[in-house]
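One structure below.
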There are 2 protein chains.
Amino acid sequence: MEANDLNVLRTAIQRFVPLTDQEWELLTPHLRYRSLARGEKWISEGRKEQDMGIVLEGNMRHYYTRDGEEKTTYFYFERHLVSSYISAITGTPSLLTIEALTDSRLLAFSYAHLQTLYDHSPKWERFGRLVAEYLAIGLEDRMAGLLTMSPEERYLQLLEGNKQKIIERVPQHYIANYLGITPVSLSRIRKRLLEK
Amino acid sequence: MEANDLNVLRTAIQRFVPLTDQEWELLTPHLRYRSLARGEKWISEGRKEQDMGIVLEGNMRHYYTRDGEEKTTYFYFERHLVSSYISAITGTPSLLTIEALTDSRLLAFSYAHLQTLYDHSPKWERFGRLVAEYLAIGLEDRMAGLLTMSPEERYLQLLEGNKQKIIERVPQHYIANYLGITPVSLSRIRKRLLEK
DNA sequence: TCTTTTTATTATCTTTTGTTAACGTTTGTA
DNA sequence: TACAAACGTTAACAAAAGATAATAAAAAGA
């Protein structure tokens, strides 16, 4: 296993909790690589998906399926932790699918193993808490935006915020889903904004 | 301090983690009552709000303020844990206000103290993790609803789900905010549904 | 009780969004 | 290179939502 890839994951984890080598080595034997071709699914709706990973290379999206329509609601880029988090922590079938937008490479491990670490190491338990808090903060912010802003305002926020990567690297019709509108509507919003 | 009130809180906490008496008594000395009149604010936007509590009696709402408009996005009833969670965990000023919808009674403690418990007791750290996970699950579910369902579908879900309490006990114009629409629009949706 | 405030509905008008389809462009692949 | 698929824009129409104002009923407070 490539040392640099390991460091990418360790650095991501240590943004939450600094680890001793010993603590880190509780996880490393359980890591494995996963390569995905563009369009390939990593996590599938309806299955109990316990895997968690970090994106080493590539972009991914996750989407819900409603009436046969795919609704993309999140994107993952390099160094992002990716999983069907709720399926992993609850052990219930995943409600969403995660697929590669471009050819991608992941470093993955099972959440079940992480849970055993929770039992054996306070540092890892703390990591689990901080990740959940981080996720809750992000979701709360996103939800507040959906409830208090118009689609146009949300699009402008995407342009200004630290989310340019989404604009640059993701097809626009997926971004429309992410904003809670249709691709046609997003195209109109863009036109309206250009006319100003 | 009333034994029954203490039990209400302990039961709520033990839905996440069972505690020994000794662990429980790490928290009890730091509890205090708080009574609020209808309309009174408990948490105010712009202030660092570290308090967390459980509703013993009454209903509360939390809202964001945008352009002078209040947007209500959550409700609390008896036995619910209530706080400006993100302000508490990050130590940043609260983005939202929490006020009593009816005369209310809370049992409260400071999140700062809970954080010291995280350092001293694995059981309490686990509680912190499980609460954050619980919150993330709820937020993800809510957000998926906002992105994949129409306002009418969201209203119907509120009628059917385990959320009747909201319909029964909260004025309709707050529910409209909660669904991401205006009160006028919710009134029209109700009319449309009745005509079927 | 009486008065004030809060709440819900309705009407009108404007704006936005959804839906469907057509079109041209770009991108990916055989 | 050539063909097919994916992508973004535009048009036309229908449906829904926002804004504002008027009204009536219900609830709260004095």
Side-chain angles (χ1 to χ4, degrees), chain A residues 36-41 58-61 63 66-72 75 99-104 145-156 158-159 166-196, chain B residues 36-41 58-61 63 66-72 75 99-104 145-156 158-159 166-196:
Chain A
L36 298 164
R38 174 188 153 91
E40 194 177 348
K41 294 184 172 72
N59 314 327
M60 307 184 78
R61 68 178 177 116
Y63 60 89
R66 292 272 187 284
D67 315 311
E69 293 261 300
E70 294 176 3
K71 304 274 192 173
T72 299
F75 306 104
E99 73 164 40
L101 280 169
T102 63
D103 293 350
S104 301
L146 288 169
L147 288 172
T148 68
M149 294 163 68
S150 67
E152 177 172 321
E153 289 171 318
R154 294 200 291 275
Y155 177 67
L156 287 170
L158 210 57
L159 289 179
I166 294 180
I167 301 283
E168 291 162 14
R169 295 169 62 176
V170 171
Q172 190 173 304
H173 62 288
Y174 293 141
I175 294 176
N177 286 176
Y178 181 86
L179 295 171
I181 56 179
T182 61
V184 176
S185 191
L186 177 54
S187 185
R188 282 188 293 229
I189 287 172
R190 283 162 53 83
K191 190 182 182 184
R192 253 180 275 152
L193 289 172
L194 281 174
E195 284 167 358
K196 291 180 186 169
Chain B
L36 298 164
R38 174 187 150 91
E40 194 176 349
K41 293 183 173 71
N59 314 327
M60 308 184 78
R61 68 176 177 117
Y63 61 89
R66 292 272 187 284
D67 316 311
E69 294 261 300
E70 293 176 3
K71 305 274 193 172
T72 299
F75 307 103
E99 74 165 39
L101 280 170
T102 64
D103 293 350
S104 300
L146 288 168
L147 287 172
T148 67
M149 293 162 69
S150 68
E152 178 172 320
E153 289 171 320
R154 294 200 290 276
Y155 177 68
L156 287 171
L158 210 57
L159 289 179
I166 294 180
I167 301 283
E168 291 162 15
R169 294 169 63 176
V170 171
Q172 191 172 303
H173 60 288
Y174 294 140
I175 295 175
N177 286 176
Y178 181 86
L179 296 172
I181 56 179
T182 62
V184 176
S185 190
L186 177 55
S187 185
R188 281 188 293 229
I189 287 171
R190 283 162 52 82
K191 191 181 181 186
R192 252 181 276 152
L193 290 172
L194 280 175
E195 285 166 357
K196 292 177 187 171

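Naming convention: chains lettered A, B, ... in sequence-line order (proteins, then strands); numbering from 1 in each chain. It should be emphasised that the depicted structure is a prediction, and the values quoted were computed from it without experimental measurement.
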Euclidean distance, atom [atom1] of residue [X] to atom [atom2] of [N] [Å, nearest integer]:
X         : N       : atom1 : atom2 : result
Leu147(A) : dA17(D) : CG    : P     : 15 Å
Leu101(A) : dA6(D)  : CG    : P     : 13 Å
Met149(A) : dG18(D) : CE    : P     : 15 Å
Ile181(A) : dG8(D)  : CD1   : P     : 13 Å
Glu99(A)  : dA6(D)  : CD    : C1'   : 13 Å

Is any side-chain heavy atom of [X] less than 4.5 Å from a side-chain heavy atom of [Y]?
X         : Y         : result
Phe75(A)  : Arg61(A)  : yes
Ser187(B) : Gln172(B) : yes
Met60(A)  : Leu36(A)  : yes
Ile166(A) : Ile175(A) : yes
Pro151(B) : Leu179(B) : no
Glu152(B) : Leu193(B) : yes
Leu147(B) : Asn177(A) : no

TODO: Identify, between Arg38(B) and Pro151(B), the residue whose nearest nucleotide on DNA chain D lies closer to the 5' end.
DONE: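 By nearest-heavy-atom nucleotide position, the 5'-most residue is Pro151(B).
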Task: Heavy-atom closest contact (Gly58(A) atom, Ser104(A) atom, distance) - done: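 The answer is CA-OG, 3.6 Å.
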TODO: Kindly give the heavy-atom pair with the smallest separation between Ala37(B) and Ala100(B), and that separation in Å.
DONE: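 That would be O-CB, 3.6 Å.
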- [ ] Answer yes or no: does a side-chain N or O of His173(A) lie under 4.0 Å from OP1 or OP2 of dG8(D)?
- [x]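 Yes, within the criterion.
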TODO: Give a yes/no answer on whether the side chain of Thr182(B) brings an N or O atom under 4.0 Å of OP1 or OP2 in dG18(D).
DONE: yes
- [ ] Classify every nucleotide of nucleotides 9-15 of chain D by which part a protein heavy atom approaches to under 4.0 Å, writing B for the base, S for the sugar-phosphate alone and - for neither, in 5'-to-3' order.
- [x] BBBB---
Task: Inter-axis angle, terminal five-pair segments of the helix from dT1(C)-dA30(D) to dA30(C)-dT1(D) [nearest 10°] - done: 60°
- [ ] Considering only heavy atoms of chain B and a distance under 4.0 Å, specify the first and last nucleotide of DNA chain C in 5' to 3' order that meet this criterion.
- [x] dT7(C) to dT12(C)
TODO: Using heavy atoms to find the nearest nucleotide of DNA chain C for Glu152(A) and Pro171(B) separately, return the residue whose nucleotide is more 5′.
DONE: Pro171(B)
- [ ] Would you kindly say whether Thr148(B) and Arg66(A) are connected by a side-chain donor-acceptor distance under 3.5 Å?
- [x] yes
Task: Short side-chain donor-acceptor distance under 3.5 Å, Tyr155(B) and Arg190(B) - done: yes
